[in-house]
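Here's the structure we're looking at; comments come further down.
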Amino acid sequence: MKSQTLKENKDFRRLYYRAQSKASKTLVTYAMKSRKKGCRLGITTSKKIGNAVERNRSRRVIRAAYSLLEPKINGDWDFVFVARGLTSKVKMQEVLKDMENHFKALGVIDEND
């Protein structure tokens, strides 16, 4: 099932304040169980990341990593991913590895997957 995107500022704020989070050198993940059907996803890239090209690459890399992990997700969740300075400079596999570790720590996917 394809994830929907978070667009409302209130949804982002709710996740920042109430959700569980994990951080690594390439990514910060906020995850919270959702009452709505399916997963919803938001990506934040600030101007600290770099110019528009680097911010767009960061978003693409995060989206690609998420799409590979999406089939393993248990239940309905809301996610916000915050790109870091390294996100646009590393390969997608590194972001995927960090995201998978975050998901396991937060209980989004099973440990043995």
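Every heavy atom of this structure was used, including side-chain atoms; hydrogens, water molecules and symmetry mates were not.
Tracing side-chain contacts under 4.5 Å through hydrophobic residues (I, L, V, M, F, W, Y), one reaches Leu69 starting from Val61; they form part of the same cluster. Under a hydrophobic clustering in which Ile, Leu, Val, Met, Phe, Trp and Tyr are joined whenever their side-chain heavy atoms come within less than 4.5 Å, directly or via other members, Phe103 and Leu27 fall into the same cluster. Using a 4.5 Å cut-off between side-chain heavy atoms of Ile, Leu, Val, Met, Phe, Trp and Tyr, with links allowed through other members, Val82 and Leu106 fall into different hydrophobic clusters. Placement of Trp77 and Leu41 within a single hydrophobic cluster is found when ILVMFWY residues are connected by side-chain heavy-atom separations under 4.5 Å, directly or transitively.
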Task: Residue pair Asp11, Asp78: steps toward the side-chain contact (heavy atoms from CB on, under 4.5 Å) verdict - done: CA-CA 9 Å; Asp11 291 328; Asp78 287 348; 5.9 Å; no
TODO: Take Tyr66 and Ile73, measure what side-chain contact (heavy atoms from CB on, under 4.5 Å) needs, and give me the verdict at the end.
DONE: CA-CA 10 Å; Tyr66 176 80; Ile73 295 174; 3.8 Å; yes
TODO: Quick one: do Met32 and Arg14 satisfy side-chain contact (heavy atoms from CB on, under 4.5 Å)? Show the steps, please.
DONE: CA-CA 9 Å; Met32 186 173 171; Arg14 181 175 55 87; 3.6 Å; yes
- [ ] Evaluate the criterion side-chain contact (heavy atoms from CB on, under 4.5 Å) for residue pair His102 and Val108; output intermediate values, then yes/no.
- [x] CA-CA 8 Å; His102 292 180; Val108 176; over 6 Å; no
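Across all non-hydrogen atoms, the minimal contact from Ala23 to Val28 is CB-CG2, 4.1 Å. Considering all non-hydrogen atoms of both residues, Thr45 and Ala83 come closest at CG2-CB, 3.4 Å. In this structure, Ile49 and Arg55 approach most closely via the heavy-atom pair CB-CG, 4.1 Å. Closest approach of Pro71 to Ser67, counting heavy atoms only: CD-O, 3.6 Å.
Distance check, rounded to the nearest 0.5 Å: NZ of Lys33 to CD of Gln20 gives 10.5 Å. For the atom pair CG of Leu15 and OG1 of Thr29, the computed distance is 11.5 Å after rounding to the nearest 0.5 Å.
Residues Phe81 and Met99 have side chains in contact (heavy-atom distance under 4.5 Å, counting atoms from C-beta outward). The closest side-chain heavy-atom distance from Phe79 to Ser3 is not below 4.5 Å. Between Glu94 and Lys25, some side-chain heavy-atom pair lies under the 4.5 Å cut-off. Inter-residue side-chain proximity for Glu100 and Lys72 is flagged as met; some heavy-atom pair is nearer than 4.5 Å.
For residues 13-46, the ring pair (Phe, Tyr, Trp, His ring centres under 6.0 Å) pairs, not counting sequence neighbours, are Tyr16-Tyr30.
Remark: the backbone N or O of Asn51 is paired with a side-chain donor or acceptor of Glu54 at under 3.5 angstrom. Of the possible polar contacts, none joining the Asp76 side chain to the Cys39 backbone as a donor-acceptor pair under 3.5 Å is found.
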Please tabulate, for side-chain N and O atoms in residues 86-93, each donor-acceptor pair with protein atoms closer than 3.5 Å (sequence neighbours left out).
residue: Thr87; atom: OG1; partner: Thr26; partner atom: O; Å: 2.3
residue: Thr87; atom: OG1; partner: Arg84; partner atom: N; Å: 2.8
residue: Thr87; atom: OG1; partner: Arg84; partner atom: O; Å: 3.0
residue: Lys89; atom: NZ; partner: Gly85; partner atom: O; Å: 3.4

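A donor and an acceptor atom, one from each side chain of Thr5 and Lys7, are located under 3.5 Å apart.
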